[in-house]
**Student:** 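Structure in structure tokens, see below.
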Amino acid sequence: MKASKIAYKPVGLALGAVSGMVAGAAFKQAWKMLGHDEDAPDATDEERSWNEVLLAATLQGAIFAAVKAAVNRAGATATRRLTGTWPG
């Protein structure tokens, strides 16, 4: 394993935590923009319909994947600018 990959591991972990927080906040805002005042439903929420539960899960998954990819890509790009090597 290259030294740059090993050195990037703690950075990648930190970026992962940050991306999770950013994605959670983005999902909450998106859920509110869709006209829902309350929190997104859990899969076991008996009061919510299948459609609402599946919509929330789909939206949350898409937002988390997009934010994670964007943050990881930005981190790798910044690492290359700083060190001259791509961390992946």
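Along the sequence shown, residues are numbered consecutively beginning with 1. Note that this is a predicted model, so its numbers are computed, not measured.
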**Student:** Looking at every heavy atom in both Gly24 and Phe64, which two are closest together, and how far apart are they?
**Tutor:** N-CZ, 3.8 Å
**Student:** At their closest point, which heavy atom of Asn72 faces which heavy atom of Leu15, and how far apart are they?
**Tutor:** OD1-CB, 4.5 Å
**Student:** If hydrophobic clusters are built by linking Ile, Leu, Val, Met, Phe, Trp and Tyr wherever their side-chain heavy atoms come under 4.5 Å apart, do Leu54 and Ile63 end up in the same one?
**Tutor:** no
**Student:** Can you name the nearest heavy-atom pair linking Tyr8 to Ala76, along with the distance?
**Tutor:** OH-N, 3.5 Å
**Student:** Just jot down the salt bridge (charged side-chain N to carboxylate O under 4.0 Å, His left out) partners of Asp45, sequence neighbours excluded, or say none.
**Tutor:** Arg48
**Student:** How close do Val53 and Ala43 get, heavy atom to heavy atom, and via which atoms?
**Tutor:** CG1-CA, 3.7 Å
**Student:** By the side chain to side chain donor-acceptor pair (under 3.5 Å) test, which pairs, at least two apart or in different chains, include something from residues 16-29?
**Tutor:** none
**Student:** What distance do Leu59 atom CG and His36 atom NE2 have between them, rounded to the nearest 0.5 Å?
**Tutor:** 9.0 Å
**Student:** Write down the atom of Pro41, the atom of Trp31, and the distance for their closest heavy-atom approach.
**Tutor:** CD-CZ2, 3.5 Å
